[in-house]
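What follows is a short report on a single structure.
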Amino acid sequence: MDETTLTGFLDRGGPALWVIAALSVLTLALILWKIWRLILTGAWSGAMTERAVALWQHGQATEATSLLRPRRSLRARLALAAMEAAQATRWTEAQAREETTRVAKTLLNEARTGLRVLELIATIAPLVGLLGTVLGMIAAFQALQTSGSSADPSVLAGGIWEALLTTAAGMAVAIPASMALTWFESVADHVQADMEDAATRIFTTPEARP
């Protein structure tokens, strides 16, 4: 489909279809960006962190922290923060846990960055489509009223299907946005569960604190 045809298609749906087209581009860009960010933060890699926690539980604290220090994954950063907090002599255990919780919240916010925008798109895209359909239907029936008894049913039908384009387009954007949102949230929830598990194992290891 060339540019002229695409422009003509968007013009048929009116301003609402142009808005939905912009939302579709934003949705695709956001999904690709979010996948890239999750890969960079190691959302699907936890083997090294698991190994470090196992070393910690076997009393090899130096080896565990050395293994985690160069890692940039969310799990590794949280586990390292928990180990360093557990070893800090200036903090009580309660303070060390509080500091670990603070770091975990920051990392989880990083994991969930962009999800609010996806949620907003999934919510408003169908509404924008419905608004476009309602406005198109109003215009179609106004044209029918103006033409009076000489109205051509085919013209009315054409106006109605053009108006319905926006509802279909809005749903076509909202469905993948909602699916991506659910997937990203499940990834973030899995990372959170792993973080909680690692932190608990670190702080409950006997003689973990000096």
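These numbers were taken from a predicted model, which means no experiment stands behind them. Values below: all heavy atoms of this structure, side chains included; hydrogens, waters and symmetry mates excluded.
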OG1-CD1 distance between Thr166 and Ile20, expressed to the nearest 0.5 angstrom: 5.5 Å
With rounding to the nearest 0.5 Å, note down the distance linking CD in Glu119 to OG1 in Thr182. 10.0 Å
Once rounded to the nearest 0.5 Å, what's the spacing between atom OG1 of Thr106 and atom CG of Leu74? 11.0 Å
Salt bridge or not between Glu93 and Arg97? Use side-chain N to carboxylate O under 4.0 Å. yes
Report, as yes or no, whether the 6.0 Å neighbourhood of atom CD on Glu63 holds more than 12 heavy atoms from other residues, nucleotides or ligands. yes
Once you round to the nearest 0.5 Å, how far does CG of Leu130 lie from CE of Met171? 10.5 Å
Distance, nearest 0.5 Å, that separates CG of Leu40 from CD1 of Ile35: 12.0 Å
Basic-acidic side-chain contact under 4.0 Å: Arg69, Glu84: yes
Once rounded to the nearest 0.5 Å, what's the spacing between atom CE of Met83 and atom CG of Leu55? 8.0 Å
Expected output: side-chain Ser178 to main-chain Ala174 donor-acceptor under 3.5 Å: no
Shortest non-hydrogen contact from Thr100 toward Ala81: OG1-O, 4.2 Å
If the test is side chain to side chain contact (heavy atoms under 4.5 Å, CB included), which one of Val191, Asp189, Leu107 qualifies with Arg112? Asp189
Between Asn109 and Lys105 (side chain of the first, backbone of the second, donor and acceptor by atom type, cut-off under 3.5 Å), is there such a pair? yes
Within the distance-only criterion (no hydrogens, no angle test), does the side chain of Arg201 pair as donor or acceptor with the backbone N or O of Trp56 below 3.5 angstrom? no
So, Arg75 side chain and Gln192 main chain: donor-acceptor pair closer than 3.5 Å or not? no
Looking only at side-chain N and O atoms, does Thr167 offer a donor or acceptor that is under 3.5 Å from a partner on Thr133? yes
